[in-house]
Amino acid sequence: MAATADGAGGDGVTRRDFLEYAAGGMGAVGAAATAWAFIDNMNPAADVLALSTTEVDLEAIEPGQAITVVWQKKPVFVRRRTEAEIREAEDTPLDSLPDPEADADRVQKAEWLILVGVCTHLGCIPLGQKDTDEKGEYGGWFCPCHGSHYDTSGRIRKGPAPENLPVPPYQFLDDTRILIG
Amino acid sequence: MAAPRFENPIVRWIDYRLPVFTFMHHEMHEYPTPKNLNYWWNFGSLAGFMLIVMIVTGIMLAMHYTPHVDHAFDSVERIRRDVPFGWLIQFIHMNGASFFFILVYIHIFRGLYYGSYKSPREILWILGVVILLLMMATAFMGYVLPWGQMSFWGATVITNLFSAIPLVGEHIVSWLWGGFAVDNPTLNRFYSLHYLLPFIIVGVVVLHVVALHTHGSNNPLGIEARGKQDSIPFHPYYTIKDMFGLGAFLTIFCLFVFFAPDYLGHPDNYVPANPLVTPPHIVPEWYFLPFYAILRAIPDKLLGVVAMFAAIAVLFILPWLDRSPVRSARFRPIYRQVFWLLVLDCLVLGYIGSQPAEGWYIHIGRLATIYYFAHFFVILPLLSVFERPRPLPLSIGEPVLGGGSPPPRGAGGTGAMERA
């Protein structure tokens, strides 16, 4: 096999080999690019993604009370904490937490605790918003599905959930109104 | 195996151009089947029958169902109340899912007892596990479609399992949902996939049967058929036996469809989905309970999910965990006992899965989970080395017709003549 019509070089690699790899490689890139269209097709659509915000009026909430509002189709817990609840959250030593986070880093004003009310285990809605609900061993929330206990800062204390209840982005518009999102 | 001669000229004309009749003759009539199959061998064909029932009833239901969060629940209720015979077709489909799993679970445990997963049937077995996984995905997505409380929260919990994957978990979950929570996009894609997957299952079932017909059925003795005297044609002998089993099965199935259609369901699913309220005690359908118990037995989210999937995945490597050369538990005195312990363990896991995760249930669930994995990863490999199997018969005919020596004169009749 000396230099022939396929132009074999001294190392046995032919022009044909090069063309096969180049064409095959381009084909693979094209297939992957096309596949991405079909995969990305299932991601949240533009109307779903459109940044949605929710405004909440805090005026009617008494200390110790909580309300649930909907933000991006998820429940958001807004709780006006009592002095005792705030103290309990602040005094908890961080090394006793599975997901250590200081209470001060989770609130803008200590009185108002705002959380996405979705259990970080498998997505159930924890109980604890109503007076009659079971609030768990740490006085915050209790997820009935698989038994996760959250404290008065929404931090996970006991059970299978790996993380604290997340704090959504929000800002105080004035003393009695917040904007979530 | 010469091509058969067909009397009917039209059949002959077609068969010359498209040999479907030769194929059927070969796979049904000539196909040699061990003559000693017991009724546990009915469940494969029963499961195949149930797959067809589910596809036919499902296609009918799809003509009336509306996949939208605002209409799905009402459209299912309309099927049950207003659509002619909608109640019947919906009850068959709904209970059919449960009975499909009953049949397939019995089919799987039959394979475990008689060692049907051993050489040369490993791929046959693996294809069966693939079918089980596809069935689980299909059943899960189908259960979401009526959009009741259990539908919604089942979908939420199961899709959230994927959030346990490190780094990309959250993105995968949002991709599965098509949003930030289980919502209309989720319902729509589940409907699309619920319609698709059964046909994929049909494809894998075809491969399953091709693999089966390559080496033929295993049998209660677990030894290969040796020649003609050990086997009989599938048709008519096993077609008629399967038909009898089908009659018995349909009797039980109809008792549920007509007299207790909601017995296997959950009352919470007759409450329309509410994304803001989780029912106090959510449980999956009964056929997922053992796996649900394993998920909850482990106090770590990622490990719990891994263990749950591993509980099924272990079946893929079962042919290589059980190295004992003897297939049938009849000749394995210890395996025979641990098999029943495994059955009991699965029933315990199922019960624990149906109970709240608290108190003693947690401890029992953990012990049962440990035993489940110990069965496959410790007991089976050890038995392969230490168990002393009982002697195997020389052939399938031997236990019935006597030892290797010629049968006593006048005892065997014509059957004995043929043997010689």
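Naming convention: chains lettered A, B, ... in sequence-line order (proteins, then strands); numbering from 1 in each chain.
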| query | With only heavy atoms counted, which part of B:Phe162 is less than 4.5 Å from chain A, the side chain, the backbone, both or neither? | reply | neither
| query | Are A:His121 and B:Val157 side-chain neighbours, meaning at least one heavy-atom pair lies under 4.5 Å? | reply | no
| Nearest atoms (heavy-atom pairs only) where B:Asn160 meets A:Leu122 | ND2-O, 3.0 Å
| message | A quick test of your reading: do over 12 heavy atoms of other residues, nucleotides or ligands sit less than 6.0 Å from OH of A:Tyr21? | response | no
| Residues, nucleotides or ligands: over 12 heavy atoms within 6.0 Å of A:Phe172 CZ | yes
| task | Look at atom CD of A:Glu83 and say whether more than 12 heavy atoms of other residues, nucleotides or ligands are closer to it than 6.0 Å. | result | no
| query | More than 12 heavy atoms of other residues, nucleotides or ligands under 6.0 Å from NE2 of B:His281: is that the case? | reply | yes
| task | Check whether B:Leu302 gets within reach of chain A through its side chain, its backbone, both or neither, counting any heavy atom under 4.5 Å. | result | neither
| said: Looking at every heavy atom in both A:Cys124 and B:Ile282, which two are closest together, and how far apart are they? | reply: SG-CD1, 3.8 Å
| Between the main-chain N or O of A:Gly123 and the side-chain N or O of B:Thr156, is there a donor-acceptor pair closer than 3.5 Å? | no
| Ignoring hydrogens and geometry, is there a side-chain-to-backbone donor-acceptor pair from B:Arg189 to A:Met42 under 3.5 Å? | yes
| Which atom of B:Ala181 lies closest to which atom of A:Lys74, heavy atoms considered | CB-CG, 4.4 Å
| task | Give a yes or no on whether the backbone of A:Ile39 and the side-chain of B:Trp175 come within a donor-acceptor separation of less than 3.5 Å. | result | yes
| More than 12 foreign heavy atoms under 6.0 Å from CG of A:Asp91: is that the case here? | yes
| query | How about B:Leu276 and A:Val70: do any of their side-chain heavy atoms sit closer than 4.5 Å? | reply | yes
| What are the two closest non-hydrogen atoms of A:Pro44 and B:Ser174, and how far apart are they? | CG-OG, 3.4 Å
| query | If you draw a 6.0 Å radius around NZ in A:Lys130, do more than 12 non-hydrogen atoms from other residues or ligands fall strictly inside? | reply | no
| said: Contact between B:Phe180 and A:Lys73 at the side-chain level, heavy atoms closer than 4.5 Å - yes or no? | reply: no
| Of the backbone (N, CA, C, O) and the side chain (C-beta and beyond), which part of A:Val118 lies under 4.5 Å from a heavy atom of chain B, both, or neither? | neither
| Point-to-point distance, once rounded to the nearest 0.5 Å, from NZ of B:Lys301 to CD of A:Glu163 | 7.0 Å
| So does A:Phe38 have more than 12 non-hydrogen atoms from other groups sitting under 6.0 Å from CZ? | no
